[in-house]
Every structure is written in structure tokens, then in C-alpha cells.
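Atoms within each ligand, like the ligands themselves, are counted from 1 in listed order. Keep in mind the model is a prediction, meaning the values are calculated, not measured.
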Amino acid sequence: MSFRQARWDEPSIWDLAPSDPGPVPEVPGVPERLRRKEGLRWPELSELEVVRHYTRLSQMNFGIDTSPYALGSCTMKYNPKVSEQLARRPGAADLHPYQPVETVQGALEVVWRLERILAKVTGLPEVSLQPAAGAHGEYAALLMVRAYFRDRGELAQRTEVLLPDTAHGTNPASASMAGFTTREIPSKDGCVDLAALRAAVSDRTACFMLTNPNTAGLFESEILEIAATVHGAGGMLYYDGANLNAILGITHPGRMGFDVAHLNLHKTFATPHGGGGPGAGVLAAGETLAPYLPVPRVVKRGRAFSLDYDRPKSIGKIRAGYGSFGLDLRAYAFAITHGEEGLKHVSRRAVLNSNYLGSRMGRYLPRPFRPLVKHEFLLSGAPLKEKGVRTLDLAKRLLDEGVHAPTIYFPSLVEESLMFELPETESKRELDRYYAAFERAVTDTPEHLHAAPRNLAVSRIDEVRAAREPLLSWKDLRAASAKVETP
Ligand SMILES: *Cc1c(COP(=O)(O)O)cnc(C)c1O
């Protein structure tokens with residue numbers, strides 16, 4: 001037997017051979033200034049180092065699989081794992097959007113069936129699953145409104161989109177992008193001020209965009225008068241149904257008089273929020289605007305499904321492919337697993353959750369407007385200002401408790417607002433855990449509140465710098481951490 005000393009540079013199965021960056025390849029036609037100056041340096045890492053890197057990154061993140069995620073309006077629902085498994089089956093995941101339709105009959109049937117379900121849910125007969133997100137759906141719907149007024153010869157005159165001050169920020173953005181000017185309608189006691197709306201509508205009104213229940217969690221009970229007012233002036237009524245959690249199977253935008261709506265499958269129908277990846281907005285239209293929906297439409301003739309491009313009034317195609325099919329499949333699974341009664345239960349539970357938690361938290365902070373709300377509720381952090389504490393501090397302190405903060409400073413009609421939504425997938429036990437976290441946070445000392453979060457991978461970040469100079473590669477991270485460690 002012979003022994004010799006172990007050496008670090010001896011190859012082991014865990015080490016990769018050092019990669020040689022080599023020369024920069026000559027690519028004809030690529031100008032000198034765009035060419036890299038040196039060969040590609042791949043990180044040479046063992047499997048263990050790669051696993052640790054990604055596991056560490058995943059632990060720096062917050063997800064619905066870890067704890068309640070109370071971000072109001074955003075509806076952070078649990079995404080059932082069975083839906084994930086379904087979407088990852090090769091028959092779904094490996095489809096190509098431009099496969100011949102004869103080979104994707106099953107997929108088209110799922111789209112068609114989901115469209116039928118959503119037509120029932122919205123009370124609007126024609127549905128398209130094409131938009132990639134809520135904002136994309138809004139934008140497409142406003143293009144439909146433009147096309148409608150162009151057909152009527154009123155486009156030059158109807159330039160204004162009206163919005164309540166509780167509107168989601170994407171509404172005015174979409175309206176501006178679609179070429180309209182926007183005008184804000186004030187609220188009274190958290191709902192649209194009908195007198196102000198009556199005074200604002202005119203032959204310039206193209207559309208009124210409304211969420212109901214609104215982002216203050218309140219049902220706009222004057223909705224039929226609102227609809228009559230807008231229609232009376234010749235305008236269209238747009239339903240922002242990104243979050244439909246309060247009314248599934250109970251009422252619908254069709255009954256309220258809306259002409260067109262968008263829904264977010266990634267909110268109400270428990271499909272993942274893309275994290276920048278694909279979402280799934282859905283457009284639903286009543287008879288007036290249905291001819292303008294984007295092409296292609298999925299149609300059923302006999303037993304065969306096909307893509308119909310023959311819609312002369314359509315605004316055309318709004319994205320590559322047909323839609324986010326993986327999300328459609330998950331949403332379809334969610335809808336048929338619940339069934340019609342089950343979907344009603346989703347809404348009842350969401351409303352119960354929000355009222356239960358709202359009334360308990362109301363011991364500490366005022367609840368604006370009314371004591372009874374729908375799927376989400378507001379608190380005002382204004383009284384904390386006496387202690388020098390802001391809503392931002394309370395939100396950051398909640399993160400230290402291992403739960404996600406509510407939406408903050410929105411809607412802006414409430415001072416220092418906090419907007420909580422705990423959807424139906426949260427149990428009472430989880431709500432009580434969230435309440436305990438809130439109680440510890442709101443009663444903590446100003447010093448602790450200002451210093452929060454102290455238990456997370458990063459404390460308060462420079463949000464502008466994080467967006468402008470993100471560290472996205474392993475090498476950047478390593479360089480940054482080396483800098484921090486150097487005394
Ligand atoms: C989330 C949301 C939107 C925007 O949806 P995205 O998919 O994020 O573009 C619009 N309106 C309301 C009320 C929302 O909650």
C-alpha cells in the first residue's frame with residue numbers, strides 16, 4: 001500500500017475541467033463594436049455548487065407555498081399541484097402553437113370549453129383567451145371600443161375614457177396607450193359618486209372603466225344607474241374583472257350592464273402569476289363588441305374544432321400563438337374541479353375570510369367606509385403616524401413574521417392605506433396565524449418597525465437601483481458578495 005498526499009488540483013468527479021474561453025469567433029456581418037472582447041467564460045461549478053446557488057435564490061424569494069400572501073387585488077391563491085402536473089404532461093407541454101389543427105383537437109376543445117364556462121361566469125356570450133395579461137386584455141378591449149366608434153363614425157369625437165379614483169393603475173395606462181385621454185371620477189364613501197359621473201359623461205365619452213366590487217372591497221350598488229348613465233351618453237362600459245373573487249356564480253358583469261370585460265386567470269382561477277412570465281387575461285364581450293374580438297376564434301363545427309380568422313370587424317391578432325395554453329388548462333382544471341356550486345363557495349369563502357380578518361384587525365387600525373366588505377378590505381395606517389411609523393414600516397415588519405405584506409398606498413383615496421386579500425384557499429387557521437403576526441407587528445416599538453425587515457436575506461433595498469442595476473448572473477453575485485466580505 002502506498003499513501004500520498006491529497007491535492008486540491010487532482011481531478012474528482014465533482015470538478016469540471018477548466019473551460020478555455022478560446023478566441024472570439026469571427027461572425028461575418030457582426031460589427032466590431034458589438035463583438036465580445038474575450039471568449040465566453042462559463043462558470044465552472046460542481047453540481048453541488050449549482051444546487052446551492054439555486055436553492056439559496058429560492059429561499060430569498062417569497063412564495064404562496066411558504067405562507068399567506070395578502071396582496072390585495074392581486075389574489076395570491078394557492079396553485080394546486082394537480083393542475084401543475086396536468087400542464088406538464090407531454091400532450092400539453094410539448095404542443096407547438098402552429099401545429100396543424102387536426103393534431104391539436106383536444107387542446108382546442110379545452111380552450112372552447114373554458115371559453116363556454118367563462119361566458120357563463122361573466123354573463124357575456126363571446127370569450128377570447130388570447131391576451132397575455134390583464135393589462136393586455138384592457139388594451140385589446142379599448143382597441144375594440146375604438147374600432148366600434150370608428151365603424152359608427154364617432155371616433156374623432158369620442159376621445160375620453162372615464163375612470164373612478166379607485167381604478168387599478170393599469171386602467172389609465174391602457175386607455176392612454178390606446179390613444180384616449182383619461183378623466184378621473186371621484187368617489188363618495190368609497191364608491192363612484194354618481195352625480196359626478198352624470199356631470200362628466202358627454203358625447204366625448206368613449207368608455208367608463210370600472211371594477212365591481214371595487215378595490216376598496218365595496219360593491220358598487222348603484223351599478224345599474226351607472227350603466228344607464230354611461231349608455232345614455234352613448235359610451236361603452238368596461239368591466240375590470242382581473243379579480244372576480246367576490247362574485248363567481250353569484251352575479252356577473254353581464255347582469256350589471258357591462259359591454260366588455262377582462263378576467264385574470266392568474267388571479268381568480270388559481271394559475272401562477274408569471275413573475276414576469278406569461279399570464280392569462282381573458283376577454284369577454286356582449287353582442288355590441290363581440291364582432292371586434294381578436295382573431296383567431298376557436299369554433300366548433302360538428303365535432304371538429306378549428307381556428308376562425310374570418311371576422312371582418314376583428315381588431316386582428318394581438319399576440320403570437322393563441323394564448324397561454326398551459327394556464328388555460330390549469331384554469332379549466334380549477335373550474336371543473338369546483339363545478340358551479342364550488343365556484344360560488346370560492347366567493348363566499350373569500351368574502352368570509354376578508355370580513356373575519358378585517359373585523360379582527362379593525363381593533364388596531366381604522367377601517368374606512370363600511371364595516372362589511374367583499375373579497376378584500378382596507379385599513380388606514382394614518383394613526384401610526386403619531387408614533388412616527390408609516391404604513392411602509394408596518395408592511396416591512398410583517399415580512400419579518402414570515403408572512404407577506406398587504407398591498408400598500410393603494411387605493412390612494414385612503415390615507416396610508418393597506419389593502420388585504422386572503423383568498424378562499426386560506427384556512428381559518430392560517431388567517432389566525434396571519435392575525436397573530438399582524439398583532440405583533442402593529443404593537444411593536446417604532447425602533448423595531450423602522451429597522452424591519454431584519455430576518456430576511458435583504459433589508460430595505462434601493463428599489464430604483466435594484467431595477468436599474470440588477471445582479472442577474474452568478475458571476476455578478478459572486479463579485480458583489482466578494483466586495484461585501486472584503487474588510
Ligand atoms: C391585477 C389587476 C390588473 C392588471 O392585471 P395584470 O395581469 O397584472 O396586467 C388590472 N386590474 C385589477 C383590478 C387588478 O387587480
Side-chain angles (χ1 to χ4, degrees), residues 64 69-77 79 118 122 128-143 161 163-178 182 184 187 190-192 207-220 237-248 253 256 258 260-284 318-319 323-324 326-328 330-331 347 350 354 373-378 404 406-413 417-423:
I64 193 69
Y69 207 136
L71 220 45
S73 202
C74 298
T75 314
M76 304 305 285
K77 272 188 197 187
N79 306 141
L118 297 175
T122 56
S128 164
L129 306 184
Q130 228 176 121
H136 193 198
E138 293 169 24
Y139 177 65
L142 288 162
L143 295 184
V161 167
L163 302 143
D165 55 9
T166 49
H168 193 266
T170 49
N171 293 182
S174 301
S176 306
M177 279 189 66
T182 58
E184 194 170 275
S187 295
C191 286
V192 174
C207 186
F208 183 44
M209 299 176 85
L210 188 62
T211 302
N212 195 21
N214 65 27
T215 58
L218 304 180
F219 190 83
E220 299 273 356
L237 195 58
Y238 177 90
Y239 186 80
D240 177 343
N243 180 335
L244 212 67
N245 279 302
I247 63 164
L248 281 173
M256 299 177 208
F258 286 89
V260 61
H262 94 265
L263 321 179
N264 284 3
L265 299 185
H266 49 286
K267 289 181 182 170
T268 314
F269 288 83
T271 73
H273 286 242
V282 170
L283 277 170
I318 57 165
R319 71 179 293 191
S324 307
L327 298 199
D328 300 344
R330 289 173 176 93
S347 287
S354 136
V373 290
K374 298 295 183 221
H375 59 294
E376 59 197 7
F377 65 93
L378 294 178
H404 202 282
T407 298
I408 56 174
Y409 300 110
F410 174 79
S412 52
L413 74 163
S417 67
L418 299 112
M419 179 211 241
F420 293 86
E421 178 182 11
L422 280 300

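Remark: ligand 1 atoms within the under-4.0 Å shell around heavy atoms of K267 are 1 (C), 2 (C), 3 (C), 5 (O), 14 (C), 15 (O). Of all atoms in ligand 1, listed by their number and element, those nearer than 4.0 Å to a heavy atom of H266 are 7 (O). Contact atoms of ligand 1 toward S73: 13 (C), 14 (C), 15 (O) (distance under 4.0 Å to a heavy atom of the residue). Every atom of ligand 1 with a heavy atom of A133 under 4.0 Å away is listed here by number and element: 7 (O), 9 (O). Each of the atoms 5 (O), 6 (P), 7 (O), 9 (O) of ligand 1 lies under 4.0 Å from some heavy atom of G134.
Looking only at distances, a side-chain donor or acceptor of S347 sits under 3.5 Å from a matching main-chain atom of N245. Using a distance-only test at 3.5 Å, with no hydrogens or angles considered, a donor-acceptor pair links the side chain of S417 to the main chain of F410.
Any N or O atom pair closer than 3.5 Å counts here, and A242 shares no such pair with ligand 1. Checking only distances, T211 never comes within under 3.5 Å of ligand 1, N or O to N or O. Inclusion of N264 in the set of residues having an N or O under 3.5 Å from an N or O of ligand 1 is warranted.
Counting only N and O atoms by type, the side chains of N243 and S73 include no donor and acceptor under 3.5 Å apart. Between the side chains of E421 and T75, at least one donor-acceptor pair of N or O atoms lies under 3.5 Å.
When non-hydrogen atoms are compared, ligand 1 lies under 4.0 Å from the backbone of A135 as well as from its side chain. Residue-level proximity to ligand 1 for H136 is absent, since no heavy atom of it falls below 4.0 angstrom. Residue N243 does not touch ligand 1, judged by heavy-atom distances below 4.0 Å.
A distance of 8.0 Å separates OH in Y409 from CG in L418, rounded to the nearest 0.5 Å.
Within the 4.0 Å heavy-atom cutoff, H273 does not count among the residues contacting ligand 1.
A perpendicular orientation is assigned to the rings of Y239 and F258, their planes being inclined by more than 60° (bins at 30° and 60°).
When hydrogens are left out, the protein atom nearest atom 13 (C) of ligand 1 is D240 OD2, 3.4 Å; that is the closest non-hydrogen contact.
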